[in-house]
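To start, the structure itself, in structure tokens.
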Amino acid sequence: MLKLLIVEGSSEKILVGNEADGRQFGCEVYRDALRHNAPDAIFHFAFPYAVKREKDLLPLIAYDGFAFTGSGVPWGAEMPEAKPYLDYIERILKTGKPVLGSCWGMQTVCVLLGGMSGPNSNGSELGVARNISLTGAGKNHQLFEGMAEIFASPTMHRDHVTRLPYGATLLASNPVSEVQAMAYDLNGIDYMGFQFHPEVPVEYFREIHDKFPPLPGTLRELADFPDQLPPEIADVTMRTRPLANWLNHVRKKSGITLRA
């Protein structure tokens, strides 16, 4: 049975706001998407910006894998305010266990490993990220096994990766953000991540966008909330296929056999 730790990227202030609105935390949304593909898994939550919320956590080495969520914080991964989060995830990366990250969960890892992130000069990509194209490496990577070479996925981001860390592999791009997916498999680190959010239903982002003004630092909005979603997003199994592929990697590395 898989044991997975999901690391929440948002601050206590944002979490309190989610509670007041009756909206799930990012870690809960991620859990539901992973559980769709691993119904027997055990999930725990970590809160780098709100450690008092943590309970019953195991030693890091006891987990089979880790997932890093997105975040609604107004600062970027390269800012001093991100340090508590970077310090927290650095310990996780050093375990050598498989790590998956979305959006903030990729930007912070890139910065930690020597890359760079910052506001996207093309504007904020909101709702649906279209024309995500796999690179040559991405077409042959386990994260995208069984997927089309060009696809769409839910998204919501102001910042993006502006420079990959040395040794990272670019897996996917689109016209809005060159780094839509990456992998890093050096120095004992086993990381895969994406700028988009296959774990999140587009409706979740639509509610946030409709309620709140543009994010700080937004140059313009590239909002795309269609009434009819592309089939690879409308079907939850298709939407979360990268998560299922990552879970298969976790199982193989942990020696856990998938039940029939």
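These numbers come from a predicted model, not from an experiment.
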Would you check, one step at a time, whether the test side-chain contact (heavy atoms from CB on, under 4.5 Å) holds for Phe68 with Ile92? CA-CA 10 Å; Phe68 299 164; Ile92 291 173; 3.9 Å; yes
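- Between His197 and Phe205, the ring centre distance stays below 6.0 Å.
- Counting all heavy atoms, side chain and backbone alike, Ala152 lies closest to Pro230 at CB-CG, 4.1 Å.
- Pairs passing the ring pair (Phe, Tyr, Trp, His ring centres under 6.0 Å) check and including a residue from residues 114-141, sequence neighbours excluded, do not occur.
- Transitive grouping of hydrophobic side chains (ILVMFWY, heavy atoms separated by less than 4.5 Å) keeps Met147 and Met182 in distinct clusters.
- Once rounded to the nearest 0.5 Å, the distance linking CZ of Arg31 with CD1 of Ile6 reads 7.5 Å.
- Among pairs with a residue in residues 48-75, those fulfilling salt bridge (charged side-chain N to carboxylate O under 4.0 Å, His left out) read Glu12-Arg53, Glu19-Arg53, at least two apart in sequence or across chains.
- For Lys83 and Asp87, the salt-bridge test passes: some basic side-chain N is under 4.0 Å from an acidic carboxylate O.
- When hydrophobic clusters are built by joining Ile, Leu, Val, Met, Phe, Trp and Tyr residues whose side-chain heavy atoms come closer than 4.5 Å, directly or via intermediates, Met156 is not grouped with Leu222.
- In this structure the side chain of Leu60 reaches within 4.5 angstrom of the side chain of Arg91, judged on heavy atoms.
- Minimum heavy-atom separation, Ser117 to Thr162: N-OG1, 3.6 Å.
- Scored by the ring pair (Phe, Tyr, Trp, His ring centres under 6.0 Å) test, Phe144 finds Phe151 as partners (sequence neighbours excluded).
- In this structure, the separation between CD on Glu203 and CG on Leu229 is 6.0 Å, given to the nearest 0.5 Å.
- How far CD of Gln180 is from CD1 of Ile132: 5.0 Å, rounded to the nearest 0.5 Å.
- Of the possible donor and acceptor atoms, none in the side chain of Thr108 sits under 3.5 Å from a partner among the backbone N and O of Leu86.
- Put simply, the side chain of Ser10 gets close to the backbone of Gly72: a donor and an acceptor are under 3.5 Å apart.
- Contact detail for Leu170 and Thr135: the closest heavy-atom pair is O-OG1, 2.7 Å.
- No continuous path of ILVMFWY side-chain contacts below 4.5 Å connects Leu186 to Met192, so the two sit in separate hydrophobic clusters.
- Side-chain contact check for Asn122 versus Ser177: every heavy-atom pair is 4.5 Å or farther apart.
- Sorted by first then second residue, the salt bridge (charged side-chain N to carboxylate O under 4.0 Å, His left out) pairs that include residues 122-147, not counting sequence neighbours, are Arg130-Asp224, Lys139-Glu149.
- Here the side chains of Val179 and Met106 are in contact, with some heavy-atom distance below 4.5 Å.
- Remark: Lys94 NZ to Ile189 CD1 distance equals 9.0 Å, nearest 0.5 Å.
- In the model, Gln107 has no side-chain atom that pairs as donor or acceptor with a side-chain atom of His157 under 3.5 Å.
- To the nearest 0.5 Å, the span separating CZ on Arg239 from NE2 on His36 amounts to 8.5 Å.
- Nearest heavy-atom pair across Trp104 and Trp75 is CZ3-O, 3.6 Å.
- Linking ILVMFWY side-chain heavy atoms closer than 4.5 Å, directly or via other members, places Phe225 and Val200 in a single hydrophobic cluster.
- Proximity of Val236 to Pro201: side-chain heavy atoms (C-beta onward) are nowhere separated by under 4.5 Å.
- Heavy atoms only, all atoms of each residue included: Leu58 and Tyr63 are closest at N-OH, 2.9 Å.
- When all heavy atoms are compared, the tightest approach of Pro84 to Pro48 is O-CB, 4.4 Å.
- The shortest distance between side-chain heavy atoms of Tyr204 and Val29 falls below 4.5 Å.
- Here CZ of Arg35 is found 12.5 Å from CG of Leu247. Values are rounded to the nearest 0.5 Å.
- When side chains are defined from C-beta on, Asn131 counts as touching Ile150, because their heavy atoms get closer than 4.5 Å.
- A side-chain donor from one of Asp32 and Gln24 sits under 3.5 Å from a side-chain acceptor of the other.
- Counting only residues at least two apart or in different chains, salt bridge (charged side-chain N to carboxylate O under 4.0 Å, His left out) contacts with residues 183-199 comprise Asp190-Lys253.
- Linking Ile, Leu, Val, Met, Phe, Trp and Tyr residues whenever their side-chain heavy atoms come within less than 4.5 Å places Phe66 and Tyr88 in a single cluster.
- Under the 3.5 Å distance criterion, the side-chain polar atoms of Arg163 are left unmatched by any main-chain donor or acceptor of Cys110.
- Considering only heavy atoms from C-beta on, Ile14 stays 4.5 Å or farther from Tyr49 through its side chain.
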side-chain contact (heavy atoms from CB on, under 4.5 Å), that's the test. Do Leu143 and Leu100 meet it? Break it down for me. CA-CA 10 Å; Leu143 187 61; Leu100 184 70; 4.1 Å; yes
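- For CD of Glu78, the number of neighbouring non-hydrogen atoms (other residues, nucleotides, ligands) closer than 6.0 Å is greater than 12.
- Taking the side chain as every heavy atom from C-beta outward, Leu2 and Leu34 never approach each other to under 4.5 Å.
- Residues Tyr30 and Trp246 keep their aromatic ring centres 6.0 Å or farther apart.
- Residues that satisfy the side-chain contact (heavy atoms from CB on, under 4.5 Å) test with Asp235, not counting sequence neighbours, are Thr237, Met238.
- The aromatic rings of Phe47 and Phe45 sit perpendicular to each other, their planes meeting at more than 60°, with 30° as the lower class boundary.
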